[in-house]
Amino acid sequence: MTYFIGAGKSFNVVLNHEDLSDPAEWSQEKESLLINTRKEFEGWDPVLLKIIGMIGNTMKWPLYSSSIMRRSVSGKLVVLGDAAHAMVPYMSQGAAIAVEDGVAIARSLQKVKTKDEIPLALSIFEAARIRRASKMQEAGLLNSKLWHFSDGRIQRARDEAMRPEV
Ligand SMILES: Cc1cc2nc3c(=O)[nH]c(=O)nc-3n(C[C@H](O)[C@H](O)[C@H](O)COP(=O)(O)OP(=O)(O)OC[C@H]3O[C@@H](n4cnc5c(N)ncnc54)[C@H](O)[C@@H]3O)c2cc1C
């Protein structure tokens with residue numbers, strides 16, 4: 001994943017890979033991160049290797065997904081966005097779902113005519129959003145497996161199945 005940030009002054013490169021080691025033991029020291037990144041992506045497309053060669057600053061962080069929430073509303077408290085349904089970024093939908101949450105709560109509350117109707121509006125919001133966000137969480141987790149097959153029979157079958165899409 002690559003995109004410009006900082007008003008176009010910086011180019012951000014996101015490289016995801018499986019790493020089951022303990023994040024508490026990861027070094028954030030630039031040189032060792034760069035060496036590990038080059039090793040991790042050895043033999044990849046020369047264009048990617050060229051981009052990796054241009055990296056100036058590095059940051060490595062673990063990806064976590066929260067479990068599916070059963071409740072996101074409690075009395076006067078409503079939880080939205082990542083706080084309610086953090087997801088791995090393999091669907092690129094975390095922010096989109098957070099924005100949808102905002103629209104959904106506005107629409108639910110718009111229909112309220114009296115104060116007494118607020119709990120019902122929030123419970124409808126909650127049910128609809130948990131259903132939608134949890135599907136996205138599951139799809140992200142599924143992609144996190146699909147996209148990281150090692151080269152071989154399963155990877156080739158996946159590539160073949162995805163060919164019509166790309
Ligand atoms: C590498 C990467 C790529 C991504 N790509 C995409 C993409 O392409 N498309 C997409 O839709 N989503 C993407 N996402 C996901 C997206 O960034 C998040 O889902 C989104 O930012 C969640 O928004 P949020 O407002 O819920 O939480 P956040 O953006 O995390 O906002 C929470 C805010 O609360 C602040 N905060 C925390 N604690 C306190 C406190 N005690 N007091 C005051 N403030 C506090 C934090 O500093 C933060 O600013 C990506 C995420 C990552 C990591």
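Worth saying up front: this structure is predicted, and the values here are computed from it rather than measured. Both counts, for ligands and for their atoms, begin at 1 and track the order of listing.
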Side-chain heavy atoms of [X] within contact of [Y], under 4.5 Å:
| X | Y | result |
| --- | --- | --- |
| Phe125 | Leu80 | yes |
| Ile97 | Arg129 | yes |
| Arg71 | Glu126 | yes |
| Asn16 | Val88 | no |
| Val14 | Tyr3 | yes |
| Leu15 | Ile52 | yes |

Can you check [atom]: any protein non-hydrogen atom closer than 4.0 Å?
| atom | value |
| --- | --- |
| atom 7 (C) of ligand 1 | yes |
| atom 43 (C) of ligand 1 | no |
| atom 33 (C) of ligand 1 | no |
| atom 10 (C) of ligand 1 | yes |
| atom 30 (O) of ligand 1 | no |
| atom 17 (O) of ligand 1 | no |
| atom 39 (C) of ligand 1 | no |

Compute the shortest N/O to N/O distance between [X] and ligand 1 and return yes if it is under 3.5 Å, no if not.
| X | value |
| --- | --- |
| Ser92 | yes |
| Trp61 | no |
| Leu80 | no |
| Pro89 | no |

Treating Gln28 as the side-chain partner and Met59 as the backbone partner, does any N or O pair qualify as donor plus acceptor under 3.5 Å?
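Answer holds: no.
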
How close does the nearest protein non-hydrogen atom get to [atom], and which residue and atom is it?
| atom | result |
| --- | --- |
| atom 26 (O) of ligand 1 | Asp82 N, 2.8 Å |
| atom 5 (N) of ligand 1 | Met1 SD, 4.2 Å |
| atom 25 (O) of ligand 1 | Ala98 CB, 4.8 Å |
| atom 12 (N) of ligand 1 | Ala95 N, 3.0 Å |

Inset, instruction - Using a strict 4.0 Å cut-off to heavy atoms of Gly81, name the atoms of ligand 1 that fall inside it. - result: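 Numbered from 1, ligand 1 contributes 26 (O).
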
Among side-chain atoms of Ser21 and Asp19, is any donor-acceptor pair under 3.5 angstrom?
->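 Yes, because at least one side-chain N or O of Ser21 sits under 3.5 Å from a partner of the opposite role on Asp19.
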
In Å and rounded to the nearest 0.5 Å, what is the CG to OG distance from Asn36 to Ser27?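 Asn36 CG to Ser27 OG: 8.0 Å, rounded to 0.5 Å.
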
Check: Does the distance from a Lys or Arg side-chain N to an Asp or Glu carboxylate O, for Arg163 and Glu160, drop under 4.0 Å?
Finding: yes

